[in-house]
Amino acid sequence: MKICRFQHRDSIRVGLVADHSTILDLTPAGITRLSSILEEENPAARLGKIEQEKLPRIPLAQVQLLAPIEQQEVWAAGVTYLRSKTARMEESDFSANAYDKVYSADRPEIFFKSLAEKVSGPGQPVGIRKDAKWNVPEPELALVLNSKGGIAGYTAGNDMSSRDIEGENLLYLPQAKVYKHSCALGPWITLGATEAEVREWIIRISIQRDGSAVFSGETSVGRIKRSFTDLAHYLFRSQEFPHGAVLLTGTGVVPDDTFTLRTNDITEIEISGIGTLKNTVAVV
Ligand code: DO4
Ligand code: MG
């Protein structure tokens, strides 16, 4: 079951994704916020009780999908895949040891990524910094967590990153990771999947430039070293998220070191159990 946030005419609404071309508007069922579903004990069961045939059907082509987030902070886990650890160790000099250690430590790397209102949705720009020379997308599974830290659903995310800034000095991580349009989420949230099912999903990315693919890669969610519950648990330690939180789970696909994004490149991140998040790169 998939739920989305969308703009239709002048209002922002919540919908159920019926199929690849149709949304069911949940407004007549009294659902106008994602949070009212995400905070339910069993979000998929709650939606299952709604009489879907009474809901207005809207063609997907007639709406603007929005990032599936309302007031949650977005955080990100890092170095959760072996590929990420190796790539970071290669790009850095004296920081390399830190990546090596965090990969096998009990405590994961978790950093703040974005406020909800700054997140790009489907079709919106993703940014590369004008003071960075080496920029990449990071295609990541995102956990959608309720205010108690429980996993309510999953969406696709892009943890845009400046590798030269990050590689120069680990203390520059917030500048490499948090800037205008550095985070994208979407196209919607998948509910009701277990961790075991999600670990079977495949994450794919392709990058197009002037109509041709300049990079493509894929990984399996199952290659994440840590469990989702462990990551969520660390995020919620000594913290409160009254609106819930979104947690990116790290990247397992890193283009080789000669690759950097350019303005107008198109990034397409597909997660098999979710859908495709498509954005265009802009210099910010
Ligand atoms: O410490 C660097 C960031 C790691 C990251 O974002 C990732 O592994 O996805
Ligand atoms: Mg990342």
Side-chain angles (χ1 to χ4, degrees), residues 73-114 118-120 126-129 132 134-144 154-179 181-186 198 201-205 207 215 217-228 230-232 234-235 245-257 259-261 267 269 271 277 279 281:
E73 293 171 24
V74 183
W75 288 69
V79 199
T80 50
Y81 290 79
L82 189 58
R83 176 73 186 109
S84 177
K85 177 186 97 147
T86 325
R88 315 259 167 211
M89 288 181 73
E90 283 165 9
E91 83 193 358
S92 36
D93 175 12
F94 54 87
S95 317
N97 197 25
Y99 294 116
D100 197 22
K101 280 195 161 165
V102 82
Y103 182 70
S104 36
D106 282 345
R107 185 188 290 275
E109 177 196 15
I110 298 183
F111 55 92
F112 176 76
K113 181 66 185 176
S114 183
K118 295 188 173 185
V119 172
S120 295
V126 285
I128 50 178
R129 296 180 63 118
W134 184 15
N135 300 285
V136 292
E138 292 191 354
E140 303 189 11
L141 174 76
L143 311 180
V144 181
Y154 303 87
T155 190
N158 187 346
D159 171 24
M160 291 288 288
S161 303
S162 306
R163 292 192 65 191
D164 54 328
I165 296 178
E166 169 187 277
E168 187 179 339
N169 188 324
L170 205 52
L171 296 179
Y172 295 153
L173 189 78
Q175 294 174 74
K177 292 283 192 181
V178 185
Y179 54 87
H181 299 321
S182 65
C183 180
L185 293 176
V198 176
W201 293 354
I202 303 295
I203 302 178
R204 295 188 183 87
I205 179 160
I207 302 170
F215 175 76
E218 68 173 50
T219 191
S220 155
V221 175
R223 291 183 181 219
I224 297 180
K225 184 170 186 277
R226 298 171 189 272
S227 74
F228 303 162
D230 190 41
L231 291 172
Y234 268 99
L235 178 65
V246 173
L247 180 59
L248 296 164
T249 55
T251 190
V253 183
V254 183
D256 70 38
D257 294 357
F259 181 84
T260 186
L261 286 169
T267 59
I269 294 171
I271 302 188
L277 171 64
N279 300 92
V281 174

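For reference, positions follow the sequence shown, starting with 1. All of these numbers come straight from a predicted model, not from anything done at the bench. Just so you know, ligand 1 is whichever comes first in the structure, and atom 1 is the first atom listed for that ligand.
Taking the ring centroids of W201 and Y154, they lie under the 6.0 Å cut-off.
No side-chain N or O of S92 forms a donor-acceptor pair with one of R88 less than 3.5 Å apart. In this model, a donor atom of one side chain and an acceptor atom of the other lie less than 3.5 Å apart for S161 and K177.
For atom 5 (C) of ligand 1, the closest heavy atom belonging to the protein is R88 NH2, 3.3 Å.
The distance from atom OG1 of T249 to atom CD of E138, rounded to the nearest 0.5 Å, is 11.0 Å. Separation of atoms CD (E140) and OG1 (T219) is listed at 11.5 Å; rounding is to 0.5 Å.
Heavy-atom contacts of G250 reach the following atoms of ligand 1: 9 (O) (cutoff under 4.0 Å). Heavy-atom contacts of S84 reach the following atoms of ligand 1: 7 (C), 8 (O) (cutoff under 4.0 Å). Taking every heavy atom of G78 and a limit of under 4.0 angstrom, the matching atoms of ligand 1 come to 4 (C), 5 (C), 7 (C), 8 (O). Remark: ligand 1 atoms within the under-4.0 Å shell around heavy atoms of D159 are 6 (O). Close contacts between ligand 1 and V79 involve ligand atoms 4 (C), 7 (C), 8 (O) [criterion: under 4.0 Å to a heavy atom]. Taking every non-hydrogen atom of K177 and a distance limit under 4.0 Å, the qualifying atoms of ligand 1 come out as 3 (C), 5 (C), 6 (O).
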(request) Could you check V221 against R223 for side chain to side chain contact (heavy atoms under 4.5 Å, CB included), going step by step and ending with a plain yes or no? (result) CA-CA 5 Å; V221 175; R223 291 183 181 219; over 6 Å; no

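The Mg ion (ligand 2) is the vertex of the angle joining OE1 of E138 and OE2 of E140, which measures 100° to the nearest 10°.
I205 places a side-chain heavy atom less than 4.5 Å from the side chain of P137. Taking 4.5 Å as the limit, some side-chain heavy atom of R129 sits within range of a side-chain heavy atom of Y179.
The proximity of Y81 to ligand 1, defined as any non-hydrogen pair under 4.0 Å, does not occur for either the backbone or the side chain. If you look at L173 next to ligand 1, the close heavy atoms, those under 4.0 Å, all belong to the side chain. Contacts between L170 and ligand 1, counted as non-hydrogen atom pairs separated by less than 4.0 Å, are absent for every part of the residue.
Its N, O or S atom nearest to the Mg ion (ligand 2) is what matters here, and for D159 that atom is OD2.
For atom 2 (C) of ligand 1, the candidate residues are K113, E140, E109; the nearest heavy-atom contact is made by E109.
Close N/O approach between T80 and ligand 1 is not found [any backbone or side-chain N/O within under 3.5 Å]. Not a single N or O atom of E166, backbone or side chain, sits closer than 3.5 Å to an N or O atom of ligand 1.
Remark: distances from the non-hydrogen atoms of K85 to ligand 1 are all 4.0 Å or more.
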